[in-house]
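Structure record follows, encoded as structure tokens.
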Amino acid sequence: MPELPEVETIVADLRPHLTGRTIVRCELLFPTIVRYPEPEVFVDSVAGMRISAVTRRGKFILMHLDNALLLVVHLGMTGQLRLVDADAPIEKHTHAIFTLEGDSAPPPGAARRPPRRAGRCLHLRYRDPRRFGRLLLGTEESLLASKKLPRLGPEPIDPSFVPDELYQSLRRRRTSLKAVLLDQGAIAGVGNIYADESLHRARLRPDRMAAGLSRKSAQRLHESLRDSLLMAIKNRGSSVDTYRDAWGNIGGQQEKLLVYGRAGEPCFTCGRPLAMIRLAGRSTVFCTKCQR
DNA sequence: TTAAATTCCTGTAAGC
DNA sequence: TGCTTACAGGAATTTA
């Protein structure tokens with residue numbers, strides 16, 4: 001599942017190859033993947049637009065276009081954004097194809113080159129077997145006003161996100177720690193993998209009430225959350241399901257996960273089998289001995 | 001107002 | 001072997 005580290009990896013990969021390029025046209029093979037505006041308007045509006053920047057907010061990929069327009073991509077569970085040669089075979093479940101202006105010169109400072117040959121058109125393709133993802137287009141104001149882009153909490157890896165901010169958002173909530181971590185309005189970008197990982201690192205039970213957590217424990221959670229996310233970014237994300245980077249490669253963090261996907265297996269710290277419960281509608285794995 | 005439950009969707013794996 | 005069924009989950013929507 002693409003969470004903050006996976007989305008960050010894709011954005012960092014795409015940025016040098018998309019910045020400054022123009023979208024020649026857009027083709028929707030599955031129009032309802034566009035949630036706003038109407039698909040026909042979307043297709044007409046992106047054509048001819050230049051991409052001035054590529055950024056991330058929570059799990060959203062933001063492509064900044066002319067006229068303050070944002071082309072927004074949310075990958076949902078199985079969404080993939082790939083940069084490929086225009087003549088590459090179209091994979092099953094490809095829902096949108098953006099043809100980019102041809103330019104044989106690779107962008108300066110490109111760490112990884114996409115698989116393309118000089119003089120060929122590039123495609124940015126969106127595929128998503130489970131179709132939980134979505135595409136949006138609009139100004140930030142219009143997307144927020146229409147509630148297509150939700151109000152998001154602070155970025156957990158931003159230096160401005162301090163322990164006290166986490167403490168304050170936890171103490172207001174009468175639900176589990178896990179539920180708050182998954183709430184995008186509380187903290188942006190955390191999903192099921194890194195919620196479980198950071199709670200384990202912080203030695204906190206996921207079903208503990210958020211309100212009532214001590215300042216000291218909140219500080220520990222703040223640190224482990226940042227550590228989990230930054231380490232995953234360093235390892236280019238977790239490919240536990242279908243996640244692939246912009247070139248179709250898997251990440252490396254799945255090899256290093258402490259609890260996610262390891263229910264019944266021994267805890268790396270104490271050896272006790274990891275427990276699994278259901279919290280906030282999600283399977284939740286933790287150690288009953290190490291996490292209190 | 002807030003929290004919990006439901007819904008969407010398809011590939012995969014378990015069970016018979 | 002082949003079919004059926006349960007499960008995975010992000011977030012919008014609905015219900016409590």
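Letters A, B, ... are given to chains in the order of the sequence lines, protein chains preceding strands, and every chain is numbered from 1. These values consider heavy atoms only, across backbone and side chains, with no hydrogens, waters or symmetry-generated copies.
- In this structure, the aromatic ring of A:F132 is not positioned over the six-membered ring of the base of C:dA11 within 5.5 Å between centres and 30° between planes.
- Across the protein-nucleic acid pair, A:R35 atom CZ and B:dT7 atom C1' stand 12 Å apart, rounded to whole Å.
- Between the C1' atom of C:dG9 and the CE atom of A:M276 lies a distance of 13 Å, rounded to the nearest Å.
- Taking atom CG of A:L152 as the reference point, atom P of C:dG10 lies 15 Å away to the nearest angstrom.
- For the pair A:L135 and A:Y126, the minimum side-chain heavy-atom distance is below 4.5 Å.
- A straight line from NZ of A:K59 to P of C:dG9 spans 11 Å, rounded to a whole angstrom.
- Expressed to the nearest 0.5 Å, how far NZ of A:K92 lies from OG1 of A:T94 amounts to 11.0 Å.
- Between A:H95 and A:F30, the two ring planes are tilted [angle within 30° to 60°].
- In terms of position along DNA chain B, the nucleotide closest to A:R174 lies nearer the 5' end than the nucleotide closest to the other residue of the pair A:G281 and A:R174.
- When each of C:dG9, C:dA11, B:dT10 is scored by its nearest atom to the side-chain atoms of A:N192, the top-ranked nucleotide is C:dG9.
- Note on A:T78: nothing from the nucleic acid sits closer than 4.0 angstrom, heavy atoms only.
- The CD-P distance, from A:Q184 to B:dA3, rounds to 15 Å in whole Å.
- Positionally, the nearest nucleotide of DNA chain B for A:D183 lies more toward the 5' end than for the other of A:P129 and A:D183.
- Judged by atom type and distance alone, A:R282 reaches the base of C:dG10 through a side-chain donor-acceptor pair under 3.5 Å.
- Counting any heavy atom pair closer than 4.0 Å across all strands shown, A:Y243 reaches no nucleic acid atom.
- In this structure, A:T175 does not reach the B:dT2 phosphate: none of its side-chain N or O atoms is under 4.0 Å from OP1 or OP2.
- Residues A:Q253 and A:I233 have side chains not in contact (no heavy-atom distance under 4.5 Å, counting atoms from C-beta outward).
- Among the protein residues, A:R131 comes within range of the sugar-phosphate backbone only, with heavy atoms under 4.0 Å from sugar or phosphate atoms but none that close to a base.
- Among the protein residues, A:R278 comes within range of the sugar-phosphate backbone only, with heavy atoms under 4.0 Å from sugar or phosphate atoms but none that close to a base.
- For the pair A:R173 CZ and B:dA4 C1', the computed distance is 12 Å after rounding to whole Å.
- Taking atom CG of A:D196 as the reference point, atom P of C:dG10 lies 10 Å away to the nearest angstrom.
- Salt bridge absent: A:E101 and A:R50 never bring a charged side-chain N and a carboxylate O closer than 4.0 Å.
- Within the 4.0 Å cut-off from OP1 or OP2 of C:dG9, at least one side-chain nitrogen or oxygen of A:Y260 is found.
- Nearer the 5' end of DNA chain C, as judged by each residue's closest nucleotide, is the contact made by A:M77, out of A:K147 and A:M77.
- Contact check, A:H74 against C:dA11: a side-chain N or O comes under 4.0 Å of OP1 or OP2.
- You'll find that the side chain of A:K92 is closest to B:dG11, out of C:dA11, C:dG9, B:dG11.
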Exercise for review: Kindly determine whether A:R236 and A:D13 satisfy salt bridge (charged side-chain N to carboxylate O under 4.0 Å, His left out), including the steps that lead there.
Suggested key: CA-CA 10 Å; A:R236 301 186 55 78; A:D13 283 353; 2.5 Å; yes
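- For the pair A:L181 CG and B:dA3 P, the computed distance is 14 Å after rounding to whole Å.
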